[in-house]
Amino acid sequence: MHVGTYGLGNPYLGDTGPESQLPVLCIRVDDRPAPDGIPTTGFPSWAGGEVAATAPTAGSELTSREAADELCADSFGGDRRLAGFHDGEGWSLWATGTLPADTRFMTAINDQPANPWS
């Protein structure tokens, strides 16, 4: 499944206030091989894992990357973490999993001040 968008979000400054409630996008990266036809380099590319989404969560509850990772681990198992902007090399990613359609998700970016805790 392809997850992400081009141009609708702002990964540099963020675009969702801390009071907003969105599902948190979680990922388990286990280096599974990409299905046929899915790119493994460039963007968007294969993230090497499976995604899942939590129940809607206020951004203010995500006080750190560790807190968001813990939410994912508690929701889906200890090998899950918060998905990030660079998991598919930027802007979007390919992964297995089932997600609600037409839904925005909370994700993270590790090199910009665009996270709820930034």
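This structure is a prediction, so every number in the text was calculated from the model and none was measured.
Partner of L25 under the side-chain contact (heavy atoms from CB on, under 4.5 Å) criterion, chosen from L99, L82, T103: L99.
Considering CD of E66 and CH2 of W117, their distance stands at 8.5 Å, rounded to 0.5 Å. Taken to the nearest 0.5 Å, the CG atom of L71 stands 7.0 Å off from the CG atom of D74. Between D79 atom CG and E50 atom CD the span is 9.0 Å, to the nearest 0.5 Å. Taken to the nearest 0.5 Å, the OH atom of Y12 stands 8.5 Å off from the CG atom of D111. With rounding to the nearest 0.5 Å, the separation of CD in Q112 from CG in N10 is 9.0 Å. For the atom pair R65 CZ and S118 OG, the distance stands at 10.5 Å (nearest 0.5 Å).
The closest side-chain donor-acceptor pair between R32 and T96 falls under 3.5 angstrom.
Taking 4.5 Å as the limit, some side-chain heavy atom of N110 sits within range of a side-chain heavy atom of H86. Between R80 and D69 the shortest side-chain heavy-atom distance does not fall below 4.5 Å. Residues S45 and T40 fail the side-chain proximity criterion, which asks for heavy atoms closer than 4.5 Å. The shortest distance between side-chain heavy atoms of C72 and V24 falls below 4.5 Å. Within the 4.5 Å cutoff, side-chain heavy atoms of T41 are placed close to those of E89. When side chains are defined from C-beta on, R28 does not count as touching R81, because their heavy atoms never get closer than 4.5 Å. At least one side-chain heavy atom of L62 sits less than 4.5 Å from a side-chain heavy atom of M106. A heavy-atom distance below 4.5 Å is not found between the side chains of W91 and P44.
Heavy atoms only, all atoms of each residue included: A53 and F105 are closest at CB-CE2, 3.6 Å. In terms of heavy-atom proximity, A67 sits nearest to S64 at N-OG, 3.0 Å. The heavy-atom pair separating A95 from W46 by the smallest distance is CA-CZ3, 3.4 Å.
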CA sep, side-chain torsions, deciding dist, call: T57, T54, side chain to side chain contact (heavy atoms under 4.5 Å, CB included): CA-CA 8 Å; T57 304; T54 67; 3.6 Å; yes

Worked check of side chain to side chain contact (heavy atoms under 4.5 Å, CB included) between M1 and W94: CA-CA 6 Å; M1 91 177 338; W94 287 92; 5.7 Å; no

Residue pair V3, S92: steps toward the side chain to side chain contact (heavy atoms under 4.5 Å, CB included) verdict: CA-CA 6 Å; V3 182; S92 64; over 6 Å; no

From CA spacing to verdict: side chain to side chain contact (heavy atoms under 4.5 Å, CB included), L93, V51: CA-CA 10 Å; L93 60 88; V51 291; 4.2 Å; yes

